[in-house]
Amino acid sequence: MTKPPDDPQLDLDAIREELEARRDAVGGRVAGLAARPELGSAQGFGKRIGDGTIEAVSRLTEIGVGRSLESGLARTERALAKLDEGTYGVCDSCGATIPAGRLRAMPDSVLCLTCAAAERRVAPRRR
Ligand SMILES: [Zn+2]
């Protein structure tokens, strides 16, 4: 197994704190959207809209936001799990060491640059 990068610049405690704060903030928003979708747009911004169309549109936008929040949340939770496992900074896909600079820029990175790029190439759609 590849050992995590031994970079004195990388403060794992600070990273954990940031990831946990992010998880709590995003988790709260996702839970809020999931629990009471009917209150999300109408009460949240103090609007009382008689016309259902505007509400439906903002509901759709909110669902989209919720989805991207959820995938971000999954990555944040995975990064936290890796901190617990002692594999933080090791690529989940190929086991390569993730550069400290990338981790500092994106603390929730669980893939190295190569695998992240490969995933982006595969994910969208095939010809
Ligand atoms: Zn990799």
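Just so you know, ligand 1 is whichever comes first in the structure, and atom 1 is the first atom listed for that ligand.
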Report task. I would like to know whether V90 and I98 meet side chain to side chain contact (heavy atoms under 4.5 Å, CB included); could you show each step before the answer? Result -> CA-CA 6 Å; V90 176; I98 301 172; over 6 Å; no
Report task. Find the distance between CD (E85) and CZ (R78) and round it off to the nearest 0.5 Å. Result -> 4.5 Å
Query raised in the report: Between D24 and R29, does at least one N-O distance fall below 4.0 Å, as a salt bridge requires?
Result: no
Report task. Around the Zn ion (ligand 1), list the protein N/O/S atoms within a radius below 2.8 Å, excluding water molecules. Result -> C91 SG, C94 SG, C112 SG, C115 SG
Report task. Run through the side-chain heavy atoms of Ile, Leu, Val, Met, Phe, Trp and Tyr, join any pair under 4.5 Å, and report what else lands in L111's cluster. Result -> V110
Query raised in the report: Should S93 and C112 be marked as a side chain to side chain contact (heavy atoms under 4.5 Å, CB included) after you check the CA-CA gap, both sets of side-chain angles, and the distance that decides it?
Result: CA-CA 8 Å; S93 181; C112 71; over 6 Å; no
Query raised in the report: Which is it for Y88 and L80 under the side chain to side chain contact (heavy atoms under 4.5 Å, CB included) test, yes or no, and what are the steps along the way?
Result: CA-CA 8 Å; Y88 185 77; L80 278 166; over 6 Å; no
